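This is the structure, below, for whatever I ask next.
No experiment lies behind these values; they were computed from the predicted model shown.
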Amino acid sequence: MAKQNVSEQFVDILGRAGVKRLYGVVGDSLNPVVDAVRRHPGIEWIQVRHEETAAFAAGAEAQITGDLAACAGSCGPGNLHLINGLYDAHRSMAPVLALASHIPSGEIGLGFFQETHPELLFQECSHYNEMISNPQQMPRLLQTAIQHAIGRGGVSVVSMPGDVASQPAPEKSVEHALVTSRPTVRPGDEEIDKLCGMVDKAKRVTLFCGSGTAGAHAEVMEFAEKVKAPVGHALRGKEWIQYDNPFDVGMSGLLGYGAAYEATNECDLLILLGTDFPYNAFLPTDVKIVQVDVRPERLGRRSKLDLAVWGDVRETLRCLTPRVKPKSDRKFLDRMLKKHADALEGVVKAYTRKVEKHTPIHPEYVASVLDEIADEDAVFTVDTGMCNVWAARYLTPNGKRRVIGSFSHGSMANALPQAIGAQFTDRNRQVVSMSGDGGFSMLMGDFLTLVQYNLPVKVVLFNNSALGMVELEMLVGGLPSFGTTNKNPDFAAVARACGAYGVRVEKPKQLESALRDAFKHKGPALVDVVTDPNALSIPPKISADMVTGFALSAGKIVLDGGVGRMLQMARSNLRNVPRP
């Protein structure tokens, strides 16, 4: 058997760790690794047009599968382009291994062509960031990087000079069993006992849920039923907790709706479950707060805690629920459910009048139709900005659908690259990119990646020729909008020129058939929907001290748009409220 070089050993270890694809752009320092991938039977090289796309795609793949995903960039500018997507993956706790290839080892530190210092550049967006400067470090260093990414949930970066990658791998190198999944974390009995006492003492308990409730839907519902608690959620918790939820009171935060704010601020005890919700201005200051999180460093960094519980949500509730005393008083829960339904009734009435006839098309209408006709197990990737608003309010979760966005990092241009990674995991699953014209045009070159691999991603483009969320921020801050308009092409014509299916929609009556035809198309498709740039609703009075950046210091939301089928859910839940 021929002796392996370092690149071949590197790729073999990735394969053993479950990596199926390596996203990137080829380049000289990366060539030995790419050649090793070419010859490896279990890993596919995915050629993208921009390395930022590679990192976003890997992050999305990791979020869909829960397994390790990987991306790579060549020396200097090549791997530097990875950084934004890696920040997003890291903040999303997506296990991603990034290879940052490096200049020749003998030239490091001498100002060589394309020289950067990846061991410094990626420090803040990774759990582990080290350089293989000698073949003897393989495979231990790579195995350590993999275990950091999987075990801690996030990014590991390995940098490696191209000349080191070509050298013979060391003989009799130590290879051990790789960590490929994370364990559950159970809190200690002392914390469970304290939490049980606080729940039993409280008259009004509210649960506020984030992405850490993934896999814990049944446990959250059982606990809410036992203590008669309304259940609100952050944006990242929506897909995991809102469906089949008779305790749902909506979402809090800038994009919030319903009675989630009231429920979190009018309770005796607020329990934060698996959420790193950043907008502390929406959290109460005069009620007792408990936070449960698998990441201990996140405990208490958003609000003052009366109890911090280190553990994952499912295991914590499995320990807690049997111990708490059942509550029979539903007054608080029923009042919040009614408030929630009433709030949704009001905004729906405001945003559904003649919407099928309005030109330019209401983006709310686009999102509503999309929600109705998309597959029951569709994956939606959502651009940052106003697309977040429409996804938050119109996409109906059901336990099968996935919604992925740059919800923690807040980057533009994430939807199309994330759709690439999501679609590679399953070509038969419907993947819909909800793209804004600003985000789509930023990384539009990677629409060609869809065409090159014939990926059947459906891009639904909300084209209002503006950076809508930025305009909103300016308006809320009392500033005139400036530098926010886009002069756009006919994106459908661009799609057709690239070799994909493309259709432009300017009238509401064309929308549903256009979407259905695009969804039936076997390959990549783009639906360019011209939407109303004025589809922003601002409360009539906003004082200057209400807004600091994205966070409100008062409890009212900035946006007040429609909420789609969530009203039906709220009405259904009202059936549980006793009538006088």
Side-chain angles (χ1 to χ4, degrees), residues 20-31 33-35 37-38 43-62 69-89 96 98-101 114 116 381 383-384 404-406 409 411-425 427 431-461 486 488-502 523-526 528:
K20 301 293 192 300
R21 282 160 287 274
L22 188 60
Y23 300 89
V25 178
V26 297
D28 54 358
S29 59
L30 194 57
N31 287 344
V33 174
V34 175
D35 186 63
V37 171
R38 177 183 64 83
I43 298 181
E44 183 181 6
W45 174 258
I46 305 300
Q47 176 186 346
V48 296
R49 303 305 173 101
H50 194 293
E51 288 90 350
E52 183 175 349
T53 296
F56 270 124
E61 179 181 321
C71 57
S74 59
C75 64
N79 62 60
L80 188 60
H81 283 159
L82 294 170
I83 197 165
N84 194 49
L86 293 182
Y87 260 95
D88 183 80
V96 171
L99 170 60
S101 68
Q114 294 188 321
T116 59
T381 60
D383 259 343
T384 297
I404 295 176
S406 187
H409 186 49
S411 173
M412 284 182 66
N414 61 285
L416 174 63
Q418 288 178 329
I420 291 171
Q423 191 70 84
F424 266 116
T425 67
R427 285 178 172 269
V431 176
V432 180
S433 172
M434 293 177 63
S435 297
D437 57 290
F440 179 77
S441 58
M442 183 176 281
L443 285 174
M444 188 165 60
D446 269 294
F447 188 78
L448 295 169
T449 301
L450 300 183
V451 176
Q452 182 161 334
Y453 289 95
N454 196 32
L455 288 175
V457 169
K458 313 307 177 191
V459 178
V460 179
L461 189 60
N486 296 325
N488 289 328
D490 180 336
F491 286 110
V494 172
R496 292 192 297 270
C498 292
Y501 180 95
L526 183 145
D528 181 7

Residues forming a side chain to side chain donor-acceptor pair (under 3.5 Å) with T116, sequence neighbours excluded: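 Scan of T116 (side chain to side chain donor-acceptor pair (under 3.5 Å), adjacent residues dropped) gives none.
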
Partner residues of S411 under the side-chain contact (heavy atoms from CB on, under 4.5 Å) criterion, sequence neighbours left out: E52, F56, N84, S406, H409

Within-4.5 Å side-chain heavy-atom neighbours: S435 and L461: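 When only atoms from C-beta onward are counted, L461 and S435 do touch, with a gap below 4.5 Å.
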
Rounded distance (nearest 0.5 Å) linking atom CG of L22 with atom CG of L99: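 With rounding to 0.5 Å, CG (L22) is 7.0 Å from CG (L99).
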
Check: Q423/Y453 side-chain N/O donor and acceptor closer than 3.5 Å: no

Q418 CD to S433 OG distance, which is reported to the nearest 0.5 Å: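 Separation between the atoms: 8.5 Å.
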
Side chain to side chain, F424 and K20, heavy atoms closer than 4.5 Å: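 Side chain of F424 against side chain of K20, heavy atoms only: no contact under 4.5 Å found.
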
Spatial distance of atom CG (D446) from atom OH (Y23) [nearest 0.5 Å]: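 These two atoms lie 11.5 Å from each other.
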
Candidate pair V459 and F491, rule side chain to side chain contact (heavy atoms under 4.5 Å, CB included), full reasoning: CA-CA 11 Å; V459 178; F491 286 110; over 6 Å; no

Check: E51 and C71 side chains under 4.5 Å, non-hydrogen atoms: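 No - every pair of side-chain heavy atoms lies 4.5 Å or more apart.
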
Whether N454 side chain and G523 backbone form a donor-acceptor pair below 3.5 Å: no

Shortest non-hydrogen separation from S29 to C75 and the atoms involved: OG-N, 2.9 Å

Nearest heavy-atom neighbours spanning V48 and T449: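 So the two residues come closest at CA-OG1, 3.7 Å.
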
Closest non-hydrogen atom pair, A60 against I404: O-CD1, 4.2 Å

Side chain to side chain donor-acceptor pair (under 3.5 Å) involving R427 - partner list, sequence neighbours excluded: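 By the side chain to side chain donor-acceptor pair (under 3.5 Å) rule, R427 matches no residue at all.
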
Atom pair CG (L416) and CE (M442), whose distance is rounded to the nearest 0.5 Å: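 If we round to the nearest 0.5 Å, L416:CG and M442:CE are 13.0 Å apart.
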
Closest approach of A54 to L82 (non-hydrogen atoms, all atoms of both residues):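 Minimum heavy-atom separation between A54 and L82: CB-CD2, 4.3 Å.
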
Reported CD1-to-CG distance for the pair I83 and D88, which is rounded to 0.5 angstrom: 13.0 Å

Test item: S74 side-chain N/O and N79 main-chain N/O as donor-acceptor pair under 3.5 Å: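 Answer holds: no.
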
Rounded distance (nearest 0.5 Å) linking atom CD of Q452 with atom CD1 of I46: 9.5 Å

Shortest non-hydrogen contact from V96 toward A89: CG2-CB, 4.0 Å

Flag, side chain of D528 to backbone of D490, donor-acceptor distance under 3.5 Å: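 No; zero donor-acceptor contacts below 3.5 Å.
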
CA sep, side-chain torsions, deciding dist, call: F447, V494, side chain to side chain contact (heavy atoms under 4.5 Å, CB included): CA-CA 10 Å; F447 188 78; V494 172; over 6 Å; no

Least distance between heavy atoms, V451 atom then A500 atom: CG2-CB, 4.0 Å

